[in-house]
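What follows is a single structure, written as structure tokens, with notes after it.
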Amino acid sequence: MITKENILAIAKKTILSESEAITKLIDFLDENFYEATQRIYETKGRLIVTGIGKSAIIAQKMVATFNSTGTPSMFLHASEAIHGDLGMIQNDDIIICISKSGNSPEIKALVPLLKRFGNVLIGMTGNITSFLAKGSDYVLNTTVDMEACPINLAPTNSTTAQLVMGDALAVCLMEMRDFKPEDFAVYHPGGALGKKLLLRVKDMIENSLKPTVTPETPVKKVIFEISEKRLGVTAVIENNKIVGIITDGDIRRMLNNTDTIADLTAKDIMSKNPKLVSSNTMAVDALNILEDFSITQLIVSDNGEYKGVLHLHDILKEGII
């Protein structure tokens, strides 16, 4: 009977087995890895990654990683390659062929065809004496002692080793290209991640209202301005300069402390030296300011010119957090 303890023990054994397998990859990093990485970095073509079976799935993931980190890549299924898809390979392309055994029928049929094109071929295999290894210009050794699978058949440790070797290549190439967060953003413009990396304050205030009063504006009109613009705040402007800010919190505190507001003006209740951001500020940086000071609005100003108000709700609506 399988118990909870047995299941947890099997899971732990699997994770430990895979972690040990990928740790051993360190010993396989050699001149082949260095030269292959250098050739990929220097090529004017694309990186074509191919494989069969589970290795094809790993190849697809590797292509996604390479493309998102600045190395133009394409996936080529090994079985489809010999039925017409070889036409996608161009002269300057470099090819990575992934196969645990390196001796499957599809790989044996594909390798000579790839070599005929004259492209650089990088073999990623767990058998360094295989047909694939012997036919490759560079060999990335992903040998594993055994699979985590209890019958040593289902690709587990071997596909994890392939995945990790691919990640090692991708990270090395990122470092070589001096790949920065702004570069990453170019390839990830959609979703919350893209917005964190690309969205700026100006993108959120283009159609924003600009609540404005002067220091001499009566408090009653200040309240009206805040209510009408529905941002919970107004800037206080004098001689085209931002001299203060009044929030709905300031209004509540005033009402708690004052019996009459008839003689009060904006300058009597405003907060001086409000927190300002430029319209070019990254939205995520503006969010950090709001959190650091426990406030919900920021005055947006470019070189002293009042541009509008950024509200916490504007950021929330964009789904950044």
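The basis for the numbers below is simple: all heavy atoms, side chains too, and nothing from hydrogens, waters or symmetry mates.
In I223, the CD1 atom is crowded: over 12 heavy atoms of neighbouring residues, nucleotides or ligands sit closer than 6.0 Å. Around CG of N256, the count of heavy atoms belonging to other residues, nucleotides or ligands within 6.0 Å exceeds 12. No more than 12 heavy atoms of other residues, nucleotides or ligands lie within 6.0 Å of CG in N273, so this atom counts as exposed by the packing criterion. Annotation: F117, atom CZ; neighbour count of heavy atoms from other residues, nucleotides and ligands within 6.0 Å is above 12. Counted within 6.0 Å of CD on E42, heavy atoms from surrounding residues, nucleotides or ligands total more than 12; the atom is thus considered enclosed. Heavy atoms from other residues, nucleotides or ligands lying under 6.0 Å from CG of D292 number more than 12.
Criterion: ILVMFWY side-chain heavy atoms under 4.5 Å apart, direct or through other members. Under it, I315 and V201 are part of a common hydrophobic cluster. Connection of M62 to L76 is not established within any shared hydrophobic cluster, with ILVMFWY side chains joined at heavy-atom distances below 4.5 Å, either directly or through further cluster members. V171 and V164 fall into different hydrophobic clusters, where Ile, Leu, Val, Met, Phe, Trp and Tyr are joined by side-chain heavy atoms under 4.5 Å apart, directly or via other members. Cluster membership for F179 and L173, using ILVMFWY side-chain heavy atoms within less than 4.5 angstrom, is not shared. Tracing side-chain contacts under 4.5 Å through hydrophobic residues (I, L, V, M, F, W, Y), one never reaches I94 starting from I89; they form parts of separate clusters.
Under the side-chain hydrogen bond (donor to acceptor under 3.5 Å, both in side chains) criterion, S278 pairs with T281, sequence neighbours left out. Qualifying salt bridge (charged side-chain N to carboxylate O under 4.0 Å, His left out) partners for E216, counting only residues two or more places apart in sequence or in other chains: K267. By the side-chain hydrogen bond (donor to acceptor under 3.5 Å, both in side chains) test, S279 pairs with D302, sequence neighbours left out. For R253, the salt bridge (charged side-chain N to carboxylate O under 4.0 Å, His left out) partners are D250, not counting sequence neighbours. Judged as a salt bridge (charged side-chain N to carboxylate O under 4.0 Å, His left out), and not counting sequence neighbours, the contacts of E225 are K229. Residues forming a salt bridge (charged side-chain N to carboxylate O under 4.0 Å, His left out) with K115 (at least two apart in sequence, or on another chain): D137. Checked against side-chain hydrogen bond (donor to acceptor under 3.5 Å, both in side chains), T217 has the following partners two or more places apart in sequence or in another chain: T214.
Interatomic distance, M124 CE to M165 CE, rounded to the nearest 0.5 Å: 6.0 Å. One distance of note links OG1 of T125 with CG of L132; it measures 5.5 Å at 0.5 Å rounding.
The salt bridge (Lys or Arg N to Asp or Glu O under 4.0 Å) pairs that include a residue from residues 230-240 number zero, where partners must be two or more places apart or lie in different chains. Among residue pairs with one or both ends in residues 21-30, those qualifying as salt bridge (Lys or Arg N to Asp or Glu O under 4.0 Å) are K24-D145; sequence neighbours excluded. Sequence neighbours left out, the pairs with a member in residues 91-114 that pass salt bridge (Lys or Arg N to Asp or Glu O under 4.0 Å) are R46-D93, K100-E147. The list of salt bridge (Lys or Arg N to Asp or Glu O under 4.0 Å) pairs with a residue in residues 150-167, not counting sequence neighbours, reads K61-D167. For the ring-ring contact (aromatic ring centres under 6.0 Å, His included) condition, the pairs that include at least one residue of residues 292-313, sequence neighbours left out, are H311-H313.
With hydrogens and angles disregarded, no donor-acceptor distance shorter than 3.5 Å links the side chain of T296 to the backbone of L312.
A donor and an acceptor atom, one from each side chain of R177 and T69, are nowhere located under 3.5 Å apart.
Side-chain atoms of I269 and I251, non-hydrogen and from C-beta on, do get closer than 4.5 Å to each other.
The two residues V309 and Q297 come nearest to each other via the heavy atoms CG1-CB, 4.1 Å.
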